[in-house]
Amino acid sequence: MSLRDHIIRTSLLVEEILTTINGCKLNLIPKDIPNLKLVLTEMKAKFESMTAERSLESINTQSTAAYLDYNNRYLADLLAQTKTWKGNLQDTQEEDLKIILSKINTLFEFLEIVPTVPEDDLFSLEKSHPRWETLQGITEIFHSDKEKKVNEKYRKFMGQVATGQAFVSKGYEEVPGAKRYLMIGLGSLYYLLRKKKALRKTNLLYAEPRIEVAMHVWNLLETKMLRKLMKIVIKSARFDQVIYLPRLVSEVLEPYQVLKPQEKLSLTPIQGYVMARVLNTINIPLTSSPKTTYNKVVIHIHGGGFISMSSASHQVYTNVWCNTLQVPIISVDYRLAPKHPYPAALDDVWQTWNWLMQCGETIGITPNQYVIVGDSAGGNLALALAYKIITSGLPPPSGLVLAYPALNLDKDNFSPSLLFSLDDLLVPHTFLKLCLAAYLPEGTDIRNPMISPINIEREVLQKFPMTRIMVGTNDPLHDECFRFAEKLLDCGGDVKIALYAGAAHGGLNYSFKGGIRETRDMVSKAAEWMKEILGIV
């Protein structure tokens, strides 16, 4: 089928939906129906303009065809829904309408960008293209023999996650103060017994998200009760201590300047200090002279969309790394948006790095070699930190390990893998938008490399250390990982990718007992890379 015919077929499908809606005999018109008709009318007009001969010549065929295939799935679902509408819509029908409307809105937003994707974009090329052959040469694929099985495990696991998300949402509905936590508890029992309702409730939450609910959904593992339960299923680190570090240098967006030559850490919170967690296999004397000296260290930056989670919720795998590598891990508890938008989080990891370089010897750490590790939003911050270090002429890391990093924070960006977010139960499309709005102040230059590392300049990439990237085939952030790897390769960089077939976003966090067994391979691979980078035998 030609692209023109493909667009016309989709336009006719939109027209059929509009005709069906207009023919529905409803006693009461739900408020979402006028909104739906408006977006469908605008979508149809866009399709019609695209079929003009001049327009077709400038349209990216590959990205548009991929988009239309995905779009038509949701339009077909919507058409089926509209054919059941009559009289008064049932509550479940109105809920389904809200859910699919949010996805149609996102698809319409993408429609403005899709045709303009450059023809030479990596994901507009056939896999037989020389650029892809080069990338395949640095990519190791895991679980390709059981991709469907892994994907099904993720689907079931995310269904369980949906139950938790649903009862958090229930606790936040019209319930203030202490009663909220009682409702969350009752909600957990209710939705454990009604998993289909839990999934619907979660999708409804995603359709009309609120930042405070999103934060608490992703912070489920931060509750005292779940932390205690997690300690049962994750390995512990013998030494596990939260510390507070003073700020010794100028703020991250300012030119590098040492403000204080040295200042001791604190074991209790101090206003303005940065919180971090130290993990090690033996005790580290934090207030007395160290007996053991380490010249290798791991600096870890957790994920959570810049708005949630902490070093504690990522101990499911950082504890494993600690015991495997036998070197200290410093995991940064940076400040979170929206209370602390950019550049607060980045400044915290920058200040932590500086304290470690200047004062680490006071706790027995003299990092001649160090690796920066980050997952998701933490991967973004890891790259931004490396960028700041390199451009400031300071000792660069020995290497970077990035797990499904957020490389491009431009909301007006499209790549095929972003379509996975329409059905992703961990990083849904609406939550991605919420995170960007919370993290980035209005007017922020999103092309800044410390915000969108995909834009790091060539002359800086040429100075980058060994870089290792892992991502799943079904991860919304998949595509940018390959684009970034290609940029590094073009600059002569040492870069490798581990690609996990069937995997969605956030795999490292599911590696606990009772989670997804295959994700333990990701934890092991990251440890293997860190050993390689740090020269650990």
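Hydrogens, waters and symmetry mates play no part in the numbers below; they use all other heavy atoms, side chains included. Counting from 1, the numbers follow the sequence of the chain as shown.
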Handout entry: N-O pairing of E480 and K487 below 4.0 Å
Key = no
Problem - Matching residue for L279 among Q241, H300, Q315 - test: side chain to side chain contact (heavy atoms under 4.5 Å, CB included) - result: Q315
Practice task
Please check if the side chain of Y67 supplies one atom and the backbone of L107 the other of a donor-acceptor pair under 3.5 Å.
Solution key: yes
Exercise for the section: Would you please indicate yes or no on a ring centroid separation below 6.0 angstrom for Y273 and Y244? Expected result: no
Exercise for the section: Under the salt bridge (Lys or Arg N to Asp or Glu O under 4.0 Å) rule, collect the residues that match up with E208, sequence neighbours excluded. Expected result: K98
Problem - D348 side chain to R335 backbone, donor-acceptor under 3.5 Å - result: yes
Practice task
Take the angle between the ring planes of Y317 and H314 and call it parallel below 30°, perpendicular above 60°, tilted in between.
Solution key: perpendicular
Problem - Heavy-atom check, side chain of V39 versus side chain of T41, under 4.5 Å - result: no
Practice task
With the side chain counted from C-beta on, respond yes when N380 and P453 share a heavy-atom pair under 4.5 Å apart, and no when they do not.
Solution key: yes
Practice task
Scan side-chain atoms only and decide if R277 and S331 contain a donor-acceptor pair under the 3.5 Å cut-off.
Solution key: no
Problem - Within-4.5 Å side-chain heavy-atom neighbours: L508 and W321 - result: yes
Handout entry: Close side-chain approach of P396 and I390, heavy atoms under 4.5 Å
Key = yes
Handout entry: F431 and Y206 aromatic ring geometry - parallel, tilted or perpendicular at 30°/60° bounds
Key = perpendicular
Fill in the blank from the handout: Output for pair (S415 OG, L122 CG), nearest 0.5 Å, gives 8.5 Å
Practice task
Measure the shortest side-chain to side-chain distance between L499 and M470 over non-hydrogen atoms and say whether it is less than 4.5 angstrom.
Solution key: no
Exercise for the section: Answer yes when D423 and R73 have at least one side-chain N-carboxylate O distance shorter than 4.0 Å, and no when they do not. Expected result: yes
Exercise for the section: Identify which one of L259, T352, D347, N354 satisfies the side chain to side chain contact (heavy atoms under 4.5 Å, CB included) criterion when paired with R247. Expected result: D347
Practice task
Go through K260 and E263 one step at a time and tell me if the salt bridge (charged side-chain N to carboxylate O under 4.0 Å, His left out) criterion holds.
Solution key: CA-CA 7 Å; K260 300 175 184 177; E263 193 170 328; 3.3 Å; yes
Handout entry: Mutual orientation of the aromatic rings belonging to F123 and H478 [parallel < 30°, tilted 30-60°, perpendicular > 60°]
Key = perpendicular
Problem - Salt bridge R447-D410, side-chain N to carboxylate O under 4.0 Å - result: no
Exercise for the section: State whether the number of non-hydrogen atoms from other residues, nucleotides or ligands found under 6.0 Å of D91 atom CG is greater than 12. Expected result: no
Practice task
Kindly indicate, with the supporting measurements, whether the criterion salt bridge (charged side-chain N to carboxylate O under 4.0 Å, His left out) is fulfilled by K433 and E109.
Solution key: CA-CA 12 Å; K433 297 176 196 176; E109 290 168 7; 3.0 Å; yes
Handout entry: M357 and Y370: CA distance, side-chain angles, deciding distance, side-chain contact (heavy atoms from CB on, under 4.5 Å) verdict
Key = CA-CA 10 Å; M357 296 300 116; Y370 69 96; 4.1 Å; yes
Practice task
Spell out, as yes or no, whether a donor-acceptor pair under 3.5 Å connects the side chain of T467 to the backbone of V495.
Solution key: no
Handout entry: From CA spacing to verdict: ring-ring contact (aromatic ring centres under 6.0 Å, His included), H505, F420
Key = CA-CA 10 Å; H505 192 74; F420 288 129; over 10 Å; no
Problem - Polar side-chain atom of T106 near backbone of S102 as donor-acceptor pair, under 3.5 Å - result: yes
Practice task
Indicate whether any N or O donor in one side chain lies under 3.5 Å from an N or O acceptor in the other, for T391 and K463.
Solution key: no
Problem - Test item: S310 side-chain N/O and A312 main-chain N/O as donor-acceptor pair under 3.5 Å - result: yes
Problem - Exam field: side chain E457 to backbone E459, donor-acceptor pair closer than 3.5 Å - result: no
Practice task
Start with the C-alpha distance between K201 and L205, add both sets of side-chain angles, then the distance that settles side-chain contact (heavy atoms from CB on, under 4.5 Å), and finish with yes or no.
Solution key: CA-CA 6 Å; K201 185 67 178 176; L205 161 69; 5.8 Å; no
Problem - Parallel, tilted or perpendicular: rings of F414 and F110 (30°, 60°) - result: perpendicular
Exercise for the section: Kindly say whether the aromatic ring centers of W350 and Y256 come within a distance under 6.0 Å. Expected result: yes
Exercise for the section: Tell me, with the steps shown, if H302 and S311 meet side-chain hydrogen bond (donor to acceptor under 3.5 Å, both in side chains). Expected result: CA-CA 6 Å; H302 70 80; S311 62; over 6 Å; no
